[in-house]
> 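What follows is a structure written as structure tokens; I'll ask about it next.
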2 protein chains.
Amino acid sequence: MEDRKAVDPPHPAQDVTEHVGYRLKRSAAALRGAMDRALREHGLTVPQYACLELLDERPGLSNAELARGAFVTRQSMNVVLRGLQDAGLTSRPAAADRGRALPAHLTAEGRARLDAARSVVYAIERRMVDAVPQRRLAALLADLDRMAEALDG
Amino acid sequence: MEDRKAVDPPHPAQDVTEHVGYRLKRSAAALRGAMDRALREHGLTVPQYACLELLDERPGLSNAELARGAFVTRQSMNVVLRGLQDAGLTSRPAAADRGRALPAHLTAEGRARLDAARSVVYAIERRMVDAVPQRRLAALLADLDRMAEALDG
DNA sequence: TTCTTCATGTCAGGACTTTGACATGAGAGA
DNA sequence: TCTCTCATGTCAAAGTCCTGACATGAAGAA
């Protein structure tokens, strides 16, 4: 017992399940699980949905840009984008106009799929938002951003 | 354009990157990335570290209990736990005393590994906490919990 | 005693995610 | 012109994570 290094917890807590990291993981996992279940009926996975949303908002994003926008590596996004392409939901030119970036776009089918799916995702987020006192929402979002920035630089 | 279903966003936002889901994902991904990098030097992955922490706190948890504590399925935890066992960081009896649950324990090596690793994780969490106004921390954690509960029931 | 239900452990397969690696295109500087 | 740097795309391998499936042990009810 005396040999064990005493490490101060990140903030006052009885155990690890009270730590900010644990609770952040918990809510993120809850969101992920709920989205998985809801999007499944629309034939979409969460990463695919995220990709479609980003493309809807900014048509022509490259694989690397999509990866950055979805907080994954470009290798991961390559796999997701390939799957979407194979499913006919997105399209990309075979070669780049200049450089190496291939601008991706939603197909009509992709757009239709996204439109059908987004309402279930928004409903889930709605439930999260409704669980938080309205006056605290902006601060909560700002705190999340600050924590992310503190780690990302 | 007129054919598109108008769906109300979960809360006022210009685009999807302002949604609570997106920002939660962002901070969770930042935490995951930071932990991945830091724990790597200790020869541990994030899921392994989480498992060790839970076992340190509650020796004898079963695979299914660990899975619930780490917010993953028991199949996923089985893989993690197997890896830890193979690495000599945890141990489990080959058969259960009663029922099916196999109580897992940290080995001395596992405990030492955990002790070495936990300081880097706590330092990361410390950075997150320090980025948030001190007076807001409790509310932030409570809100995270509320959102999780709203989805988990 | 038998059946049902619930929980556990584990195997299988597929999607996602990371790191490492390689190749390529463009721009800037020497 | 050549070299270096940066960014992109893609392949490979290993770990993570999920769902589906099967087997098993225990408890409770009929």
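In what follows, chains are A, B, ... by sequence order, proteins preceding strands, each numbered from 1.
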> With heavy atoms under 4.0 Å as the rule, sort B:R92 into base, sugar-phosphate or nothing.
sugar-phosphate
> Between A:A101 and B:V79, which has a closest nucleotide on DNA chain D that is more 5'?
A:A101
> Calculate the interatomic distance between B:M77 atom CE and C:dA7 atom P; express it in whole Å.
18 Å
> Could you check how far CG of A:L66 sits from C1' of C:dC16, rounded to whole Å?
16 Å
> Does any non-hydrogen side-chain atom of B:V72 lie less than 4.5 Å from one of B:P47?
no
> A side-chain contact here means heavy atoms from C-beta on lying under 4.5 Å apart; do A:P103 and A:S62 qualify?
no
> Taking only the side-chain heavy atoms of B:R100 (C-beta and beyond), determine which of D:dG20, D:dA23, D:dC17 contains the nearest atom.
D:dA23
> Side chain to side chain donor-acceptor pair (under 3.5 Å) for A:E53 and A:Y49? Distances and angles first, verdict last.
CA-CA 6 Å; A:E53 279 280 15; A:Y49 167 79; 2.6 Å; yes
> Specify the residue among A:V46 and B:N63 whose closest nucleotide of DNA chain C lies further upstream toward the 5′ end.
B:N63
> With clusters defined by side-chain heavy atoms of hydrophobic residues (ILVMFWY) lying less than 4.5 Å apart, directly or transitively, does A:M128 cluster with B:L141?
yes
> With side chain to side chain contact (heavy atoms under 4.5 Å, CB included) as the test, pick out the partner of A:S27 among B:V20, B:L24, B:D145, B:D143.
B:L24
> Donor-acceptor pair under 3.5 Å: do we get one between A:Q75's side chain and the base of D:dG9?
no
> For B:T45, answer base if it contacts any base atom (sugar-phosphate contacts may also be present), sugar-phosphate if it contacts only those atoms, and nothing otherwise; contact means non-hydrogen atoms under 4.0 Å.
sugar-phosphate
> Using only side-chain N and O atoms of A:N78, determine if any of them is under 4.0 Å from OP1 or OP2 of D:dT10.
yes
> If each of A:R98 and A:V80 is mapped to the nucleotide of DNA chain C with the nearest heavy atom, which maps nearer the 5' terminus, i.e. the 5' end?
A:V80
> Can you measure A:L61 atom CG to D:dA7 atom C1' for me and round it to whole angstrom units?
15 Å
> Scan B:V72 against the nucleic acid and name what it touches under 4.0 Å (heavy atoms): base, sugar-phosphate only, or nothing.
sugar-phosphate
> Please state whether the rings of B:Y22 and A:F71 are parallel, tilted or perpendicular, taking 30° and 60° as the class boundaries.
tilted
> For the side chain of A:S76, starting at C-beta, report the closest nucleotide among C:dT17, D:dA23, D:dA27.
C:dT17
> Looking for any heavy atom pair under 4.0 Å, which part of the strands does B:R37 touch: base, sugar-phosphate only, or nothing?
nothing
> Looking at D:dT8, D:dC17, C:dG9, which one has an atom nearest to any side-chain atom of B:A64?
C:dG9
> Rounded to whole Å, please give me the gap between CG in B:D86 and C1' in D:dG15.
14 Å
> How close or far is atom P of C:dT8 from atom CG of B:L81, stated in whole angstroms?
14 Å
> Looking only at side-chain atoms of B:R74, point me to the closest of C:dT17, C:dG9, D:dC17.
C:dG9
> Taking OP1 and OP2 of D:dT10, is either one under 4.0 Å from a side-chain nitrogen or oxygen of A:R82?
yes
> Which part of the nucleic acid does B:S62 contact within heavy-atom distance under 4.0 Å: base, sugar-phosphate only, or nothing?
sugar-phosphate
> Assign each of B:Q48 and A:R68 to its nearest nucleotide of DNA chain D by heavy atoms, then name whichever residue's nucleotide is nearer the 5' end.
A:R68
